[in-house]
**Q** 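Please read through the structure below; I'll follow up with questions.
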Amino acid sequence: MKPATQVSFPGRDYDLAATLSSGQAFRWRQVGDAWEGIISGHHFRLRQTPAAITAELLGASSTASTPDPTHASRITHHAHHFLQLDTDLPAILATFPDDEPMRASIAACRGLRLLRQEPWECLVSFICSSTKQIVQIQQIIALLCERFGEPIPVAANVRRLHSSLRPETPDLRPNAKSEPPYVGCYPAFAFPTAARLAACSEAELRTCKMGFRAPYILAAAKAVASGELNLSRLHTLPTFEARAALMCLHGVGGKIADCVLLFAYGKQDAFPVDVWVRRALTELYFPRRRPSEKRLAHFANTHFGPNAGYAQQYLFHYVRVKKSV
DNA sequence: TTTGTGCCTTAGCT
DNA sequence: AAGCTAAGGCACA
C-alpha cells in the first residue's frame, strides 16, 4: 500500500531534473533517482516516472502551515504550486518567436519549466548570486539554512517506514544506488525567516561565506521583517512597479529584481539578462557585432513576446548545456 | 548619461 | 605548489 504521504501528478512535458537544476532554485539535491528539497517548510522528495511526477512528504517544520503532515490536499497544494503543474507548456512555447535560436533552444530543453518559489527565499538567493557560480550560491544558501533555519523533523510515519532500513552511514553520493526505500539527508532545514536573519549580525551572516553581500541580506531582512517592504503586496503590482520596489534594496539591481519577479512572482514578462543570456543573445542574434547594453535590453524586452521570461530560461539553459557538451 | 573599479569568496586553472 | 582569473552584479565615483 502506498504511504499516505505520497501523491502523484500527470507529468507530461515536464523535465523535473532539468527544471530543478537549471539555476532558478538552489536547494534541490539529487538523491538516487529522486530530488529532495523544501517547499514552504515542507520537506519533499520528488520523483519522475514516465507517467507521473510523485511528491512524497518527508516532514514539516513546526512553523509550517500544515497541522497534519500527512494531509494529502496540503501536500498536493504545495508541490503543485511550486512545480506549476497547471502551466500549459505547449501553449507557452507557441508564443516564442519562430527563429533559429529559439527553435534550437526548445529542441535542446524539452520539458524545461519555470518554478514558483517563495519570494523571500528567492530574493535572498539572488542577492547572494551576484558574481557567484551556481555551486557557490548553493553552498551559501545551505549554510544559511543550517545555521538559521528551523530544523524539520522527519514525519512519524516516514520514520516508521524507513527506520529499520536506514543505512548507518547514508550514502550521499549524487549517483548512489537508491535501494528502496532510501532515506536522504537529515535533518533538513526550512529557509530562515526574515525576522531571524534580521536578528543576525553582519559577522554572523559572513560566516555563511557571502562576503560583501552580508550587509545587503541584513538590510533586506530588516526591511521585510519590519514591514517596510511587503513582499506579498508585490503580487498585486504591475511588473515595472514591483521591479522598482525591489530595486530600492541595496544589492538588488535590474538583473536580480528580474529573477525574483520571474521565479517567485510569475511575472513572465521579466527578462533577466545575466552574462550567460548576454552571451547567448550576442552570439545568436548579433553575431560579429557588439551590441550596447541598452540595445540588448531593448531587444530582450521586445523580441520575445508575452512569455519573454520563459524564453529567457530556454536560452539560458540552452547555452549552458551546449557549453558543457 | 556612460564607463570603470572595488568588493568577499572560491573553483578551476596554470 | 602557489598564484591567478573568472565567476549567473551592484554601488559608487
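Here is how names work: the chains are called A, B, and so on, in the same order as the sequence lines, proteins then strands, and each is numbered from 1.
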**Q** Just checking Ile256(A): base, sugar-phosphate only, or nothing, at a heavy-atom cut-off of under 4.0 Å?
**A**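 If one applies the 4.0 Å heavy-atom cut-off, Ile256(A) turns out to touch the sugar-phosphate alone, with no base involved.
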**Q** Quick check for you: to the nearest 0.5 Å, what is the distance between Arg110(A) atom CZ and Leu93(A) atom CG?
**A**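 Rounded to the nearest 0.5 Å, the CZ-CG separation comes out at 7.0 Å.
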**Q** Touch check for Ile127(A), heavy atoms < 4.0 angstrom, all strands: base, sugar-phosphate only, or nothing?
**A**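 The answer is nothing, as Ile127(A) stays clear of every strand by at least 4.0 Å.
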**Q** Does dA6(C) have OP1 or OP2 sitting under 4.0 Å from an N or O in the side chain of Arg279(A)?
**A**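 The answer is no; no side-chain N or O of Arg279(A) sits under 4.0 Å from OP1 or OP2.
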**Q** From CD1 of Ile140(A) over to P of dA11(B), roughly how many Å is that when rounded to an integer?
**A**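 Atom-to-atom, Ile140(A) to dA11(B), this comes out as 11 Å.
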**Q** With respect to the side chain of His250(A), which nucleotide from dA11(C), dT10(B), dG8(C) is positioned closest?
**A**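 Within the option list, the nearest is dA11(C).
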**Q** Starting from the 5' end of DNA chain C, give me the residue, Asp274(A) or Val252(A), whose nearest nucleotide shows up first.
**A**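 Between the two, 5'-proximity favours Asp274(A).
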**Q** Select base, sugar-phosphate, or nothing to describe what Val277(A) touches, counting heavy atoms under 4.0 Å on all strands.
**A**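 Counting heavy atoms under 4.0 Å across all strands, no contact is made by Val277(A).
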**Q** List the atom of Ala198(A), the atom of Ala225(A), and the distance in Å for their closest heavy-atom pair.
**A**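 The pair with the smallest heavy-atom distance is CB-CB, 4.1 Å.
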**Q** Using a heavy-atom cut-off of under 4.0 Å over every strand shown, decide if Gln139(A) touches base, sugar-phosphate, or nothing.
**A**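 Sugar-phosphate, no base atom in range.
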**Q** Tell me whether the centres of the aromatic rings in Tyr285(A) and His303(A) are closer together than 6.0 Å.
**A**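 Yes; His303(A) has its ring centre under 6.0 Å from that of Tyr285(A).
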**Q** Which listed nucleotide (dT9(B), dG8(C), dA11(C)) is nearest to the side chain of Tyr216(A)?
**A**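 It is dA11(C).
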**Q** Please confirm whether the ring centroid of Phe9(A) lies under 6.0 Å from the ring centroid of Tyr14(A).
**A**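 That pair fails the under 6.0 Å test.
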**Q** Just checking Arg213(A): base, sugar-phosphate only, or nothing, at a heavy-atom cut-off of under 4.0 Å?
**A**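 Base contact.
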**Q** Would you classify Gly23(A) as touching base, sugar-phosphate or nothing, given that sugar-phosphate means primed atoms plus P, OP1 and OP2, and contacts are heavy atoms under 4.0 Å?
**A**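 Base, at least one base atom sits under 4.0 Å.
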**Q** Would you mind classifying the nucleic acid contact of Ser125(A) as base, sugar-phosphate or nothing, using non-hydrogen atoms under 4.0 angstrom?
**A**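 Touches nothing.
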**Q** From the options dA11(B), dG8(C), dC8(B), select the nucleotide whose nearest atom is closest to the side chain of Val135(A).
**A**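 Selected nucleotide (nearest to the side chain): dA11(B).
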**Q** When the nearest nucleotide of DNA chain B is assigned to Lys294(A) and to Arg206(A) on a heavy-atom basis, which residue is associated with the more 5' position?
**A**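 With Lys294(A) and Arg206(A) compared, the 5'-side residue is Lys294(A).
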**Q** What's the CD-P distance between Gln133(A) and dG9(C), to the nearest Å?
**A**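 Those two atoms, CD and P, are 10 Å apart.
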**Q** Are a donor atom and an acceptor atom from the side chains of Thr207(A) and Arg147(A) found within less than 3.5 Å of each other?
**A**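 Yes, Arg147(A) and Thr207(A) have a side-chain donor paired with an acceptor closer than 3.5 Å.
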**Q** Less than 6.0 Å separating the ring centroids of Phe299(A) and Phe271(A)?
**A**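 Ring-ring flag for Phe299(A)/Phe271(A): false, centres at least 6.0 Å apart.
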**Q** Could you provide the dot-bracket string of DNA chain B, using ( ) for intrastrand pairs, [ ] for crossing pairs and | for bases paired to another strand, with Watson-Crick or G-U pairs below 3.5 Å?
**A** ..|||||.||||||
**Q** What is the separation between atom CG on Leu143(A) and atom P on dC8(B), rounded to the nearest whole Å?
**A**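 Spelled out: CG on Leu143(A) to P on dC8(B) is 18 Å.
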**Q** Distance check needed: dG8(C) C1' versus Ile141(A) CD1, whole Å only.
**A**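 So the two atoms are 13 Å apart, to the nearest Å.
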**Q** Tell me whether the side-chain N or O atoms of Lys209(A) pair up with the base of dT10(B) as donor and acceptor below 3.5 Å, since no angle test is needed here.
**A**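 Check fails, no donor-acceptor contact within cut-off.
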**Q** Aromatic rings Tyr216(A) and Phe212(A): how do their planes relate, parallel, tilted or perpendicular, breaks at 30° and 60°?
**A**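 Aromatic pair Tyr216(A)/Phe212(A) classed perpendicular.
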